Amino acid sequence: MRYTEARMSKPSEDILKDIEKDTVNFTATYDDTGKEPSVLPTRLPLLLANGSEGIAVGMATKIPPHNIAEVLDATLHLVNNPDATVEELMDFIKGPDFPTGGIIFGRQGFTDAYRTGRGKVKIRAKYHIEQNGNKELIVLDELPYQVNKLKLVDQIKELKAKSSVEGIEKVEDMSGREGTRVVISLKKDAEPQIVLNNLYKATPLQTTFGIIMLAVHNKEPKIFTLPQMLEVFLSHRKTVIIRRTIFDLEKAK
């Protein structure tokens, strides 16, 4: 019960809109002292926007987060073109949109996931090179999704101490309000690209996100393609609008 209190953000208006108009079913709370909605009447396709991750008995789900504006544009396109293909929807949804940034290396992984429900995405840190006198600095601006920055910095320091990766002089975390800034100072004759390639192999500067688009629908777990996932959302919205209209009609009568 202590977990159910939260300060609402602006989008919550769209997530909870019309909940008081009998648009969704309510079930008993865990201690049977009240009622709670079994699902929300959301106007936003949150499963794709927020992503989801979890493991159950014999199954797992790992849906990456997406840009909400892109998902809504794709949903509207599907309303007007019910037979839209994955390729057409990908004109709107360019790929996963990870909140920590980074660079998705290649399109094949998420294209496979949108077509079949499964795929693998390779993510690399975003960086730029700066000059400091006669030495070069690798500055990390964005990290792959779910990579712990402090652990990453410690890992690079450890590799430097063991001389597992050559060419590193020191590592500093200079991150602040402006965002991530991890500075890897290189030795005089070190080649930044060689150091980076070695770090990709030895640290989470490069990670793989395995996509499994599994969700529970009608009390059954199922792996969805991108069009199927949006179709289920539209079906839910249709039910909500019909129930809302019936409620308004009964009230008017």
Side-chain angles (χ1 to χ4, degrees), residues 2-9 11-12 14-16 30 36-72 74-75 86 89-90 92-126 140 142-152 155 180 200 203-236:
R2 65 183 178 277
Y3 298 119
T4 57
E5 289 190 25
R7 185 188 296 264
M8 296 292 193
S9 61
S12 63
D14 285 323
I15 296 165
L16 295 169
Y30 74 99
E36 63 183 7
S38 57
V39 66
L40 296 175
T42 177
R43 299 168 77 191
L44 308 174
L46 291 177
L47 186 57
L48 276 171
N50 284 343
S52 182
E53 197 166 329
I55 299 169
V57 180
M59 68 190 81
T61 184
K62 201 165 183 185
I63 303 169
H66 291 79
N67 182 295
I68 186 68
E70 291 180 2
V71 176
L72 287 170
T75 307
V86 170
L89 295 175
M90 284 179 67
F92 303 96
I93 299 175
K94 308 296 183 186
D97 188 11
F98 296 106
T100 53
I103 297 166
I104 293 176
F105 213 65
R107 294 171 55 88
Q108 194 60 50
F110 61 81
T111 303
D112 288 345
Y114 294 159
R115 283 189 185 134
T116 67
R118 289 179 181 270
K120 285 184 179 177
V121 171
K122 198 178 280 184
I123 314 165
R124 282 185 176 177
K126 193 173 183 181
L140 306 178
E142 297 173 3
L143 298 180
Y145 187 50
Q146 295 175 327
V147 169
N148 184 301
K149 185 180 59 178
L150 297 176
K151 283 183 182 175
L152 174 70
Q155 210 170 337
T180 300
Y200 288 146
T203 72
L205 271 190
Q206 177 176 293
T207 61
T208 301
F209 188 95
I211 301 173
I212 308 170
M213 307 257 279
L214 183 140
V216 176
H217 180 49
N218 292 334
K219 298 185 179 178
E220 282 184 25
K222 181 185 170 186
I223 290 179
F224 290 87
T225 64
L226 179 62
Q228 287 171 340
M229 201 164 264
L230 293 176
E231 281 163 10
V232 170
F233 169 72
L234 287 174
S235 171
H236 168 65

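For the numbers below, each heavy atom of this structure counts, side chains included, while hydrogens, waters and symmetry mates do not. This structure is a prediction, so every number in the text was calculated from the model and none was measured.
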T75, I63, I223, L89 screened by side chain to side chain contact (heavy atoms under 4.5 Å, CB included) with M229, the one that passes
I63
Taking E220's backbone N and O only, do any of them form a donor-acceptor pair with N218's side chain (distance below 3.5 Å, no angle check)?
no
Evaluate whether atom CD of E36 has more than 12 neighbouring non-hydrogen atoms of other residues, nucleotides or ligands under 6.0 angstrom away.
yes
Is the number of heavy atoms from other residues, nucleotides or ligands under 6.0 Å of K151 NZ greater than 12?
no
Close side-chain approach of L230 and L48, heavy atoms under 4.5 Å
yes
Are side-chain heavy atoms of T100 and V147 found at a separation under 4.5 Å?
no
Take atom NZ in K122; do more than 12 heavy atoms of anything else shown fall under 6.0 Å from it?
no
Is Y145 close to P64 at the side-chain level, that is, under 4.5 Å between some pair of heavy atoms?
no
Is any side-chain heavy atom of P227 less than 4.5 Å from a side-chain heavy atom of V86?
yes
Residue pair I211, K62: steps toward the side chain to side chain contact (heavy atoms under 4.5 Å, CB included) verdict
CA-CA 5 Å; I211 301 173; K62 201 165 183 185; 6.0 Å; no
Side-chain contact test, heavy atoms from C-beta onward, threshold under 4.5 Å: evaluate it for D97 versus E70 and give yes or no.
no
Non-hydrogen side-chain atoms of L205 and L140 separated by less than 4.5 Å:
yes
Can you tell me if H236 uses its side chain to pair, donor with acceptor, with the backbone of P45 under 3.5 Å?
no
dist T207:OG1 -> F98:CZ (nearest 0.5 Å) comes out at 8.0 Å
Classify the ring geometry of H217 against F224: parallel below 30°, tilted from 30° to 60°, perpendicular beyond 60°.
perpendicular
